[in-house]
**Q** 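The structure under discussion is supplied below as structure tokens; questions concerning it will follow.
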Amino acid sequence: LLDLPTALESRRYSHDHVLVLEVETDEMCPHNSGKWALEVGPDGASCTRTTKTADLTTDIDSLSSLYLGGMSAALLAAAGRITAHRTDAVQDLSRLFRGDPEPFNSFGF
């Protein structure tokens, strides 16, 4: 994700939810690093910088994978790529970014 707030605000979400994400250092796009309040719903989303306590911490690579809708937040958390700071934060993240149908590439490389 090159422009985190624009990307997260442009995506569709199936239900209302508020989640505070802390994105670890993004060396390629340092402006993506920091805490973000993500407020989403079927009618749109907003993603703004915040000083609130983060619900979870992730790196930009993991968040980018989730953004596409084909990766499991639980799997990334088990691999140490996402750290939850409250109960159910990983499950909430997973529900927000679930894609149906899951993305696929019809071309082999």
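What you see is a predicted model, and the numbers here were worked out from it, not measured in a lab.
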**Q** Counting only heavy atoms from other residues, nucleotides and ligands, does the tally under 6.0 Å from CZ of R86 exceed 12?
**A** yes

**Q** Under the side-chain hydrogen bond (donor to acceptor under 3.5 Å, both in side chains) test, which residues partner H31, sequence neighbours left out?
**A** none

**Q** How long is the gap from CZ on R11 to SG on C47, to the nearest 0.5 Å?
**A** 12.5 Å

**Q** For residues 68-77, which residue pairs qualify under salt bridge (Lys or Arg N to Asp or Glu O under 4.0 Å), counting only residues two or more places apart or in two chains?
**A** none

**Q** Tell me, with the steps shown, if H85 and T57 meet side-chain contact (heavy atoms from CB on, under 4.5 Å).
**A** CA-CA 8 Å; H85 304 299; T57 301; 2.6 Å; yes

**Q** List the steps, then state whether side-chain contact (heavy atoms from CB on, under 4.5 Å) holds for I82 with V90.
**A** CA-CA 8 Å; I82 296 174; V90 172; 4.2 Å; yes

**Q** Kindly give the cluster partners of M28, where membership spreads through any ILVMFWY side chain lying under 4.5 Å from a current member.
**A** L2

**Q** Scan residues 63-72 for pairs that pass salt bridge (Lys or Arg N to Asp or Glu O under 4.0 Å), counting only residues two or more places apart or in two chains.
**A** none

**Q** Mind checking side chain to side chain contact (heavy atoms under 4.5 Å, CB included) for T50 and listing every partner two or more places apart, or none if nothing turns up?
**A** V20, K35, A37, K52

**Q** Does S10 have any side chain to side chain contact (heavy atoms under 4.5 Å, CB included) partners at least two apart in sequence or in another chain, and if so, which?
**A** T6

**Q** Kindly write out the residues that satisfy salt bridge (charged side-chain N to carboxylate O under 4.0 Å, His left out) with D26, not counting sequence neighbours, or none if the list is empty.
**A** none

**Q** Can you list the residues that meet the side-chain hydrogen bond (donor to acceptor under 3.5 Å, both in side chains) rule with S65, with sequence neighbours excluded?
**A** none

**Q** Mind checking whether Y67 and F97 have parallel, tilted or perpendicular rings, split at 30° and 60°?
**A** tilted

**Q** With sequence neighbours excluded, tell me which residues meet side chain to side chain contact (heavy atoms under 4.5 Å, CB included) with R81.
**A** D59, D61, S62, L76, A79

**Q** Rounded at 0.5 Å granularity, tell me how far CG in D88 sits from CG in L93.
**A** 12.5 Å

**Q** State whether the side chain of S72 and the backbone N or O of A74 hold a donor-acceptor pair below 3.5 Å, judged by distance alone.
**A** yes

**Q** Test L96 against H15 for side-chain contact (heavy atoms from CB on, under 4.5 Å), laying out the working first.
**A** CA-CA 8 Å; L96 285 181; H15 62 283; 3.9 Å; yes

**Q** Hey, which of L19, L4, L8 is the one that makes side chain to side chain contact (heavy atoms under 4.5 Å, CB included) with W36?
**A** L4

**Q** Applying salt bridge (charged side-chain N to carboxylate O under 4.0 Å, His left out), can you list everything that pairs with R95, at least two apart in sequence or on another chain?
**A** D92

**Q** Give the cluster check for L21 versus L68: same hydrophobic cluster or not, with ILVMFWY residues linked at side-chain heavy-atom distances below 4.5 Å.
**A** yes

**Q** Scan for salt bridge (Lys or Arg N to Asp or Glu O under 4.0 Å) pairs involving residues 63-80, sequence neighbours excluded, and state none if there are none.
**A** none

**Q** Using side chain to side chain contact (heavy atoms under 4.5 Å, CB included) as the criterion, list what pairs up with S64, not counting sequence neighbours.
**A** L1, I60

**Q** Indicate the atoms forming the closest heavy-atom contact of A84 with L56, along with that distance.
**A** CA-CB, 4.1 Å

**Q** Within a strict 4.5 Å, meaning less than it, do heavy atoms of the E24 and S33 side chains meet?
**A** no

**Q** Determine, using the 4.5 Å side-chain heavy-atom cutoff (strictly less than), whether V18 and L63 are members of one ILVMFWY cluster.
**A** no

